[in-house]
Each structure stands twice: as C-alpha cells, then as structure tokens.
Undergrad: 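Structure incoming, see below.
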There are 2 protein chains.
Amino acid sequence: MLDDGRTQPDGRTGTDGGGAEAPLYRRVKTYVLERIRDGALQPGDRVPSEHELVAALGVSRMTANRALRELTAEGRLTRVAGAGTFVAPAKPLGTVLEIRNIADEIQARGGAHSARVLHLATEPAAGEVAEGFGRPAGTPLFHSILVHAENGRPILLEDRWVAPDAAPDYLAQDFAQATPSEHLLAVAPVREVEHLVEAVLPDARTRTLLDMEVGEPCLLLRRRTWIAAAEAETEGGPGEGAETAPEGRAEGRAEGRVASLVELWFPGGRYRLGGRFRPG
Amino acid sequence: MLDDGRTQPDGRTGTDGGGAEAPLYRRVKTYVLERIRDGALQPGDRVPSEHELVAALGVSRMTANRALRELTAEGRLTRVAGAGTFVAPAKPLGTVLEIRNIADEIQARGGAHSARVLHLATEPAAGEVAEGFGRPAGTPLFHSILVHAENGRPILLEDRWVAPDAAPDYLAQDFAQATPSEHLLAVAPVREVEHLVEAVLPDARTRTLLDMEVGEPCLLLRRRTWIAAAEAETEGGPGEGAETAPEGRAEGRAEGRVASLVELWFPGGRYRLGGRFRPG
DNA sequence: AAGTGGTCTAGACCACCGA
DNA sequence: CGGTGGTCTAGACCACTTG
C-alpha cells in the first residue's frame, strides 16, 4: 500500500486534519521512483504493469496509467505497447546553459542596457553565410551589426544575418529599443535553434569595439534559428515537447528554412555563460 | 468539430480504411496550438475551459483535461485552479548546449579516447574549493587531475574535487577505463547541476598539458553537481521534470550537498560546445 | 453561487506483443 | 491466446477563484 490504506472509490480523506496529502498518481510515481533510486529496479528492468499497480496499490488503472505515462514523458521509463514498461537507461547528464536575450539578462542583474547600431543594410549572402543559410550565394539578406553595453561598457558584439521573408520589417526597427532578438521572436516563431560556443581571439576590429586588451579571448556563440517552412505543419511531427523522449532530439533534420544566423562575441573577462539544471 | 464528427462514446472509427487518425487528446492540443500560432490566442489570453472544449469539440472532460494538462507541462499554457487556463508568455528562447561525457562524445564521432591520470589523492579543501562545496576549509576531499585525449591529441584537462561521502570508492577507480564522470553518475544520483562557461587564457601548466600555442584561449567549463541530502526526499519538491514550468527552475536553492566540483579546460582551437534544440 | 481546474474511478474498446 | 499499453468516457468530489 501507499501512505494509507484507502482503497474506496472517493473514500477520500475529506476534511481530515489539514496535512495535505500528495495526489494518488504522484504517490504511484514516487513508488516507482523510489524503487529505481534504491536499486531495486535497474535500467532495463521491467516495471510493474498498470494492472499490477492497480492490484498492489489499490488505485484505478487510469491513475496508474497517468503515473507511468508522466514518468515516460520525463524520460525515466520506456513503454512498449504489448510488451511492458521498462526503466530507461541512465541519462548521460547534459543539457545546460541558459542563453537569454542580452537586454533581459542585463536588466535582471540590475544593469542598464544600451545598444548601438553600427550597420544595418541589405547585402548579398557571401560564402560562409550563404552556406549557413543553405541558399545560393548572392541571395539578398539583411545584415546588422550592433554593440550592446551594460552601464556603458560594451559587453557584446552582435553580427546578424536575417532572411527577409522571415522578418520583412527588420530594417525598419529601432534596435536601440528592442533588440533584434526580441523583434525576431515576435514576428517569426522559432522552430529550431542551433548553438556553437567556442573560445577565440578576437580580430582587431572586434577587440576595439568591445574595448578589450590585446590577447584577451572572446567567448564566441554562433546561433542559427529555423522557422517553419510556411506549411500547415499541423503538429504531430517530432519534438512534441514532454511527449517525446530526449533521445528524439538529435534525429530529425529541420525541414524549415534558416531564418537567422548570428555571431555573438563576448569579452572573455567580462562575461560567462551559465546555467543551472535539474536532471529528470 | 475536429477532423470528423464522431461524438458517440466509443463510436470509434474501428476498422475503417487504414488512415491512422490522431488520438482525440492530440487533436485537442492541435486545436489550441493552432489558435496560438495563428494569433487568435495571444500570450495572456484565456484559453477555452475544459467545459467549453467538451461542448465545442464533443470530447469528454478527461480528454480535454489531458490535452490542456500536457500543454501546460510543455510550457505553452498556464493554469490557475478556479480562475482558468491562459496562454503562457512567449519563451525567451534559450537553453541549449549538450554537455556530454567526453569519452562518449569522442567515440560518437569515431575518435579514440584515452585518459591519463596526473593526480589522484585526498586533500584538504582550500579557499575557493571549500567555498564551492559550502564546507569549512580543511575538509578532506578527493582531488583528481586527468588529461583526456582524442586520437592521442590532448583535448581536455579535467581538474575535479569530489566529496568522499558521495563516492567513497573514488580513489580506487581506474579512470583510464571509466571516466570520473561515469563513475560518479553510477554511484551518486545527481540532483542538480550548475555550469559556467567562459573564455580564458590558460596558465602555462595547462597550456603545456593541452599542447597549445602561446596566446591560444581555452574554453573553461566549471561544473558543480549536487546530490540529495541523504534524506528520504520523497519527491514532491520543486523540479518535477515535465511537470514544472521552465520558470520554476531558477528559483529554489538545492537542499542537497555539493558532490563534485570540476573545471574542464578545452583548447579553444580544437573544441566547440554545441547543441541543437527545438523550442516547445 | 457559479465556474474553474485537480483528481479519481470503473469500465470499455483497440492494437500490439509474445508465447 | 492472454497480457500490455493507448485511449476514451461519464460521472463524481474537492478546493479554489471570481463576481
């Protein structure tokens, strides 16, 4: 049994003395999780079936089902219709780093954000940029270069290319007010994001713009975002949020088009990427 | 109505011509998501209540409930008992970077991983390390230093401190076989992880060990992991996986103890952190 | 008081797996 | 074939928010 022996339908505790009790489905989850934690259930082992949980814990099948379904969505279990439910292999530990809008981030820590637009124009896609977009060289793209500052001190050089069809009004924006990132988020629903982070030495121009010492390294973050391919895409595809096991992510190639390609240069001495994360 | 007009209880299509149909709860999710996508429902707007969905779509309340509950778990909606269901504010775009076990990562791209143990001993916690662990200076900790190589070329310097109670057998491990990360994952369930990434210039020793040029920067990843505080901690706390909205993460301080503190030094020219990600 | 979400149940049909 | 998960329903009680 679980905490107490109530088996009756709706024989809920009702107005018993205050002590809030966990809902049944949660207690079933805990029941399974504890057996995983203490080693009674190892990865690959078969978990009690819904029927068995019904019999063992005195809950309804729907409740047992919800518990196991949520644990599956959380990546702890694997289910095979007709076969059974099994403990998922241990996660490799991963996924991190919050990457937020720079303006929000600065404000969050009490700083004053400002931005200076160095460049804003339409340009034909060059070699690497064209490749990144998967479009032929010469394709016209919007190109912007901004320097973001915190309390007047430059903290980010943003070099961005944007597909005109993803954000037709891009050139008309006042990026001192809303960052390019904010504008794009508002007008183009992001379908997929790719990040690369590396440590590099900035070229002279970047170093100067960011007011850095000679020899000081930069954190360089390259980001590509995809938008949906103008289709109905009535859901159902991959990436169904909590519904899909984490493993599913690496698979499918995005079918959308690249909406933007951006290089973010942070001064190594003044900026760190960070993130805190609780594994499932 | 949804795809077809079936309203009858269990008046399922049964053995109709093959065309697999989406389950009802999924169609309800799509119904709501489409109204969000096409702008009919803006962030903050009230979503049809379960009752209204029952009336409008001819599904049972449990089905409508499941649809809205899952969308909430996926971060698309916010629910307030007694008040209603609302479209969640647009996500600030973020979270990325897979950080995996270096040995797995190298193998995944077809390389040969090897590791050399430079140091492995018990030492008293010094200033910064003691602080990081939240324990008094002088507390005995395990300390290991390894150099990982891909095809013989050094690619990672790992400087790690481990709490003895989290992994009592740490000193007895053969880290040429299983990395410290793998050992810790196996013996201590991680409760929380914190990462910091920055670009720095390595000191001479690190530069030499990683076979780097003078002036070449490093990607430095600092990671702290927490384990549960030896308590029953019967779940229920914060961080219930898919159950919790993403916002919840930044809040609570972990109540567990720091299990390990590690600095990972990557040669800037030879390593990039990357990740691909589909927003909910 | 009316409406909302939160939970739970008992029973049902289905497709699929494995013996 | 029996067992397993996958889904759906109708109805119920509860605590909470709102007017």
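Values reported hereafter were calculated over all heavy atoms of this structure, with side chains retained and with hydrogens, waters and symmetry mates removed. Each chain gets a letter, A, B and so on, in the order its sequence line appears, and its residues count up from 1. Treat the numbers as computed from the prediction; the structure is a model and nothing was measured.
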Undergrad: Hey, are Arg223(B) and Glu194(B) close enough for a salt bridge, meaning a charged N less than 4.0 Å from a carboxylate O?
TA: no

Undergrad: Rounded to whole Å, please give me the gap between CZ in Arg69(A) and P in dG5(D).
TA: 13 Å

Undergrad: Quick one, Tyr31(A) with Tyr25(A), criterion ring-ring contact (aromatic ring centres under 6.0 Å, His included). Give me CA distance, side-chain angles, the key distance, then yes/no.
TA: CA-CA 10 Å; Tyr31(A) 175 87; Tyr25(A) 76 91; over 10 Å; no

Undergrad: Return the value, rounded to whole Å, for the distance between atom CG of Asn65(B) and atom C1' of dT7(C).
TA: 8 Å

Undergrad: If you compare every side-chain N and O of Arg46(B) against the phosphate oxygens of dT4(C) (OP1, OP2), does one of them come in below 4.0 Å?
TA: yes

Undergrad: Below 4.0 angstrom, N of the basic side chain to O of the carboxylate: do Arg224(B) and Glu192(B) qualify?
TA: no

Undergrad: Between atom CZ in Arg66(B) and atom P in dG5(C), what is the gap in whole Å?
TA: 18 Å

Undergrad: Could you state the CD-C1' distance from Glu50(B) to dG6(C), rounded to the nearest angstrom?
TA: 8 Å

Undergrad: Could you list the residues that satisfy side-chain hydrogen bond (donor to acceptor under 3.5 Å, both in side chains) with Arg61(A), not counting sequence neighbours?
TA: Glu50(A)

Undergrad: Over how many whole Å does the gap from Leu68(B) atom CG to dG3(C) atom P extend?
TA: 18 Å

Undergrad: Would you mind telling me which of dT9(C), dC17(C), dC8(D) lies closest to the side-chain atoms of Ala83(A)?
TA: dC17(C)

Undergrad: Please check the phosphate of dG6(C) (OP1 and OP2 only) for any side-chain N or O of Arg79(B) closer than 4.0 Å.
TA: yes

Undergrad: For Leu77(B) and dT4(C), what is the distance between atoms CG and P respectively, to the nearest whole Å?
TA: 16 Å

Undergrad: To the nearest Å, give me how far apart CZ (Arg27(B)) and P (dG6(D)) are.
TA: 18 Å

Undergrad: Counting side-chain heavy atoms from C-beta on, which of dT4(D), dT17(D), dT9(D) comes nearest to Met62(B)?
TA: dT9(D)

Undergrad: Would you say Thr63(A) reaches dT7(C)'s phosphate, i.e. side-chain N/O to OP1/OP2 under 4.0 Å?
TA: no

Undergrad: Tell me if a side-chain donor or acceptor on Glu70(B) pairs with a main-chain N or O of Ala67(B) at a distance below 3.5 Å.
TA: no

Undergrad: Is the phosphate of dG3(D), meaning OP1 or OP2, less than 4.0 Å from a side-chain N or O of Ser49(A)?
TA: no

Undergrad: Considering only heavy atoms and no angle criterion, is a donor-acceptor pair shorter than 3.5 Å present between the side chain of Arg61(B) and the base of dG5(C)?
TA: yes

Undergrad: Within less than 4.0 Å of OP1 or OP2 of dG5(D), is there a side-chain N or O belonging to Thr85(A)?
TA: yes

Undergrad: Separation of His51(B) atom NE2 from dG6(C) atom C1', in whole Å?
TA: 14 Å

Undergrad: Taking for each residue the nucleotide of DNA chain C with the nearest heavy atom, is it Ser60(A) or Val80(A) whose nucleotide lies nearer the 5' end?
TA: Ser60(A)

Undergrad: Would you mind telling me which of dT18(D), dT7(C), dT4(D) lies closest to the side-chain atoms of Tyr25(A)?
TA: dT7(C)

